[in-house]
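In this text, all values refer to a predicted model and were calculated from it rather than measured experimentally. Letters A, B, ... mirror the listed sequences (proteins, then strands); counts begin at 1.
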Amino acid sequence: MSIKTPQPVRGTQDIFGPEADAFAHVVETFERVRRLYRFRRVEMPVFERTEVFSRSLGETTDVVSKEMYSFEDRGGESLTLRPEFTAGIARAFLTDGWKQYAPLKVATHGPLFRYERPQKGRYRQFHQIDAEVIGAAEPQADVELLAMADQLLCELGIADGVTLNLNTLGDADSRDAWRAALVEHFRGVKDELSEDSQERLEKNPLRILDSKDERDRRFVADAPQIDRFLSSEAQDFFASVTGGLDAAGVAWTRNAALVRGLDYYRHTAFEFVTDRLGAQGTVLGGGRYDGLMESLGGPATPAVGWAAGIERLAMLVGAQAEAPSDACVVVEDDALLTRGTAMVTAIRRAGFTAELVATGSPRKRFDKAVKGGALTLFALSQGEDGATVRTKGDADLLARIGQAIGHPA
RNA sequence: GCGAUUGUAGCUCAGUUGGUUAGAGCGCCGGUUUGUGGUACCGGAGGUCGCGGGUUCAAACCCCGUCAAUCGCCCCA
């Protein structure tokens with residue numbers, strides 16, 4: 001009587017009907033494209049020891065302290081629901097000896113969990129597709145990965161209005177020098193920056209570059225560029241990536257303000273961005289993370305990868321109209337229910353999609369079936385001279401189904 | 001963590017300056033009509049107006065709190 005129905009957990013979603021079909025379409029397209037590029041499928045655990053993520057992300061960041069779903073299991077072990085794929089795959093590469101397969105191209109997809117405030121295209125349980133190349137130091141790996149991403153977006157039909165923003169963070173030395181120059185630059189005008197950016201100056205100065213505040217934008221425009229600090233090796237690497245993209249016919253735009261917060265990122269950083277999703281414009285993002293394996297206690301191992309939110313891709317794809325049923329069997333007289341059951345089963349076994357309508361007022365069942373939108377109808381009714389089957393719909397399909405189930409159309 | 005907006009039937013929404021028994025469309029259930037037929041009509045079920053206080057003779061409506069959703073900020077692996 002007074003039992004309260006449990007409400008869904010904040011930030012979770014129940015995906016249904018056309019939206020669920022759009023979701024499935026994204027995953028199916030990803031699976032197909034990933035095979036074209038010969039990326040191998042991996043299935044990963046949904047949870048890991050907390051260190052897998054805390055070591056790779058850095059112990060002190062907000063990300064680790066506030067935005068992970070962590071809990072203790074019965075043995076007192078701290079575990080965490082995966083907030084990303086990369087760290088878990090890197091762990092598996094080390095613990096499962098996948099080095100023997102290097103360079104290893106893998107792809108996966110599934111749910112991820114982040115304790116964040118939900119908003120458009122952002123949920124606490126969300127879903128990503130993911131692709132990684134581990135053990136490949138060459139810029140060709142970056143190019144292949146980006147070409148695959150580009151092809152995926154094209155095949156999903158959402159490439160229009162989506163642009164590939166590309167940047168390089170250089171190697172570790174380049175990056176450190178650039179960072180120091182940025183801090184110096186912004187410290188000079190600290191009082192004129194937004195409150196948020198004054199904080200960022202201490203915690204995460206690179207983030208000032210993509211501040212949305214007008215007060216910051218003026219100073220971002222003439223901030224020092226990474227290019228001035230790139231070693232010649234880093235310049236060569238980036239030139240190879242852009243050259244490869246041009247050769248592959250992948251359009252890109254240089255975005256010198258595109259950064260990554262974590263130190264393990266090196267060289268290539270990229271995001272496919274759209275203006276059609278409000279504040280959550282990044283549709284697919286990734287980069288080269290040559291420094292990650294060492295933070296997990298492994299040997300220096302170059303790697304590059306990307307991930308994309310399935311929900312966001314599905315929103316761009318748009319709700320998919322559900323395919324109509326090939327046939328609908330209508331039982332207009334309850335005496336014919338067994339016959340209707342036999343017929344609908346036969347149709348399905350013959351490989352046609354079919355629905356059975358046999359409930360509610362018999363007189364209204366036919367209308368209900370028509371509204372259901374099936375391509376053909378088989379209506380069973382009891383007349384003066386016994387049971388009759390009336391049909392309606394696409395003549396060719398009626399004939400094929402009729403033949404398959406041994407019933408003349 | 002912060003801000004804005006929104007919470008009325010299963011869904012989409014009306015609801016006047018606060019005023020009697022809170023409505024419509026769709027959907028659902030039943031009946032009549034039609035009988036190769038997506039029609040039309042009649043009827044029915046379904047709401048503690050998110051929740052809790054307050055103001056008032058009287059609150060869906062005004063005030064406070066709270067919860068939730070949406071969008072944005074922060075953050076973004």
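The neighbour count for A:Glu355 CD, taken as heavy atoms of other residues, nucleotides or ligands under 6.0 Å away, does not exceed 12.
In this structure, the separation between CG on A:Leu193 and CZ on A:Phe186 is 7.0 Å, given to the nearest 0.5 Å.
Counting only residues at least two apart or on different chains, the salt bridge (charged side-chain N to carboxylate O under 4.0 Å, His left out) pairs with a member in residues 142-164 of chain A are A:Arg32-A:Glu155, A:Lys105-A:Glu144, A:Asp142-A:Arg288.
Remark: A:Glu31 engages A:Arg34 in a salt bridge, criterion side-chain N to carboxylate O under 4.0 Å. Using a 4.0 Å cut-off between charged side-chain N and carboxylate O, A:Arg215 and A:Glu192 make no salt bridge. Checked for salt-bridge contact, A:Arg254 and A:Asp227 meet the test: a charged N lies under 4.0 Å from a carboxylate O. A salt bridge is defined here as a Lys NZ or Arg NE, NH1 or NH2 lying under 4.0 Å from an Asp or Glu carboxylate O, and A:Asp334 with A:Arg365 meets this definition.
The salt bridge (Lys or Arg N to Asp or Glu O under 4.0 Å) search around A:Arg10 returns none, not counting sequence neighbours. With sequence neighbours excluded, the residues satisfying side chain to side chain contact (heavy atoms under 4.5 Å, CB included) with A:Phe47 are A:Phe71, A:Leu79, A:Leu81.
Residues A:Ala379 and A:Thr359 each lie close to RNA chain B; by heavy-atom proximity, the contact nearer the 5' end of the strand is made by A:Thr359. Mapping A:Pro362 and A:Arg390 onto RNA chain B via the closest heavy atom, the residue that lands nearer the 5' end is A:Pro362.
Side chain of A:Ser211 to main chain of A:Arg217: no donor-acceptor pair is present (N/O by atom type, distance under 3.5 Å, no hydrogens or angles).
Once you apply a 4.0 Å limit to the heavy atoms of chain A, the touched nucleotides of RNA chain B run 5' to 3' over B:G1 to B:A77.
Less than 4.0 Å separates RNA chain B from at least one heavy atom of each of the following residues of residues 195-210 of chain A: A:Asp196, A:Arg200, A:Asn204, A:Arg207. Taking every heavy atom of residues 105-127 of chain A and every atom of RNA chain B, pairs under 4.0 Å involve A:Arg114, A:Glu116, A:Arg117, A:Gln119, A:Lys120, A:Arg122, by number.
As the counterpart of B:C41, B:G31 is assigned, both hydrogen-bonding distances of the Watson-Crick or G-U wobble pattern falling under 3.5 Å. Base pairing of B:G23 is made with B:C13, judged by Watson-Crick or G-U wobble geometry with both donor-acceptor distances under 3.5 Å.
Nucleic acid contact class of A:Lys368 (heavy atoms, under 4.0 Å, all strands): sugar-phosphate only.
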